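We count ligands from 1, going down the list as the structure has it; atoms in each ligand are counted the same way. Computed from a predicted model, the values in this text were never measured in an experiment.
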Amino acid sequence: YEFSLLEEHYEMHETIGRGGFAKVKLATHVLTDEKVAIKIMDKRKLGDDLPRVLTELAAMKILDHQNICRLIQALETENYIFMVLEYCPGGELFDYIVEKDRLSEVESRSFFRQIISAVGYVHNLGYAHRDLKPENLLLDEEQKLKLIDFGLCAKPVGGMDSKLETCCGSPAYAAPELVSGKAYLGSEADIWSMGVLLYALLCGFLPFDDENIGHLYRKILGGHYQQPKWLSDDSKKLIRSMLQVDPKRRISIKELCCHPWVMEGYDTPVLCDTQKDRKFLDEDCVKEMSAFRGVSVNKMREALLQWKFDFDTATYLLLLQRKKRGLPISLFNVV
Ligand SMILES: COc1cccc(Nc2ncc(-c3ccc(C(=O)NCC(=O)Nc4ccccc4)cc3)c(OCC3CCNCC3)n2)c1
């Protein structure tokens, strides 16, 4: 029934994640044999959260950055919304840190620069993420980070939302102004969460942690945390500048991009703009698709440049992914 259209193009596999009201299944795009993650949302269960999902879908169609998990196709049926998303074979950054106990300053810096770039890009578009944590940072096949918003908490900046802990699980990464239910700026709250993230990368545990949620809130509002002896002075200073209880005293994204600790070993500040350009299409992929679909190259290019996130957009993006991985992109012998 509603899944049949999807199942013509994707072979569904196991569920790899369950969020508030979303389920994510691993799937294979039949035509290109590429793996994808399909987020399935039941509109009947979404209730008054439906507008938030439509906001996220609209955001995903705009977000186009090398460190953000990209939308491949969007499909709406009577009762479901399907988001076909880039599959990240490396899994969650959370598991990567747990496995390695904690990361070196060099590796933490490499990851943190990618996080700054992705969050800065989202902020420049007027969005805030609001749920930055290692579970929402995935690793692709080149160990690059991809930001996702699994808990469906992405909202336009400035929104007041005291329901955070309900839709986004543990508030260990949540800023003081957020846990105290005050009105807050999403971009400032994201900086606090990035401070908690950097601490988690360098230490392997959280700065504020307590199984009793009341004690956890008190620790966050107090802003006191341990400084393990292995932390360098520069990393302690950087973390301190992000974990400022008063949001107005917190370092900004712009200052982060060229902070001495962030710049160490690199000769360029972090760039928050995208390296992708939607006006440019890969001609090999367009040609392959036009031959396969029996339409002219110009017609195929025109259709793809509309970025409708339909089955053609999906085939194009997954062919491009294959090409980037050095795999053949001929569609005829894949079917
Ligand atoms: C190999 O073992 C493993 C093990 C685990 C995972 C994987 N791979 C793997 N790849 C891709 C996904 C995925 C991508 C995007 C979205 C999403 O919700 N996008 C929407 C989105 O990103 N909005 C947005 C982004 C930025 C700003 C604003 C809005 C959801 C899921 C995945 O999910 C599994 C969950 C499991 C629970 N923790 C989180 C990930 N898993 C692989």
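- Below 4.0 Å from some heavy atom of Leu63 lie the following atoms of ligand 1, by number and element: 26 (C), 27 (C), 28 (C).
- With a 4.0 Å cut-off on non-hydrogen atoms, Ile16 touches ligand 1 through its backbone as well as its side chain.
- A donor-acceptor pair under 3.5 Å is absent between the side-chain atoms of Arg322 and the main chain of Leu327, judged by distance alone.
- In this structure, Ala59 does not count as a contact residue of ligand 1, since none of its heavy atoms falls inside 4.0 Å of the ligand.
- For residues 191-209, no pair satisfies side-chain hydrogen bond (donor to acceptor under 3.5 Å, both in side chains), with sequence neighbours left out.
- Geometric assessment of Arg44 against the ring of Tyr80 yields a positive cation-pi assignment under the 6.0 Å and 45° thresholds.
- Two residues are said to be in side-chain contact when any heavy atoms from C-beta on lie closer than 4.5 Å; Leu238 and Phe112 meet this criterion.
- A donor-acceptor contact closer than 3.5 angstrom is absent between the side chains of Tyr316 and Arg301.
- Side chains of Ile40 and Lys25 form a contact here, defined as non-hydrogen atoms less than 4.5 Å apart.
- Within the structure, the closest approach of Lys146 to ligand 1 does not fall below 4.0 Å when heavy atoms are considered.
- Contact annotation for Leu138 and ligand 1: only side-chain heavy atoms (C-beta onward) come within less than 4.0 Å of the ligand.
- Of the N or O atoms in Asn136, none lie within a sub-3.5 Å distance of an N or O in ligand 1.
- In summary, Arg325 and Glu34 engage in a salt bridge, as defined by a charged side-chain N under 4.0 Å from a carboxylate O.
- With ligand atoms numbered from 1 in the order given, ligand 1 contributes 14 (C), 15 (C) to contacts under 4.0 Å with heavy atoms of Cys69.
- The closest side-chain heavy-atom distance from Gln73 to Phe311 is below 4.5 Å.
- Listed by number with element, the atoms of ligand 1 under 4.0 angstrom from any heavy atom of Lys39 are 17 (C), 18 (O), 20 (C).
- Proximity annotation for atom 21 (C) of ligand 1: of Met60, Lys35, Lys25, Met60 comes nearest, heavy atoms only.
- Taking every non-hydrogen atom of Ala37 and a distance limit under 4.0 Å, the qualifying atoms of ligand 1 come out as 11 (C), 12 (C).
- Within ligand 1, the atoms closer than 4.0 Å to a non-hydrogen atom of Glu135 are 38 (N), 39 (C), numbered from 1 in the order shown.
- Inclusion of His129 in the set of residues having an N or O under 3.5 Å from an N or O of ligand 1 is not warranted.
- Remark: His259 pairs with no residue by the side chain to side chain donor-acceptor pair (under 3.5 Å) rule, at least two apart or across chains.
- Tested against Leu147 for a side-chain contact (heavy atoms from CB on, under 4.5 Å), the candidates Leu137, Ile115, Leu63 yield a single pass: Leu137.
- At a 4.0 Å heavy-atom cut-off, ligand 1 touches Pro89 through the backbone alone.
- Of the N or O atoms in Cys88, one or more lie within a sub-3.5 Å distance of an N or O in ligand 1.
- Listed by number with element, the atoms of ligand 1 under 4.0 angstrom from any heavy atom of Glu56 are 20 (C), 21 (C), 23 (N), 24 (C), 29 (C).
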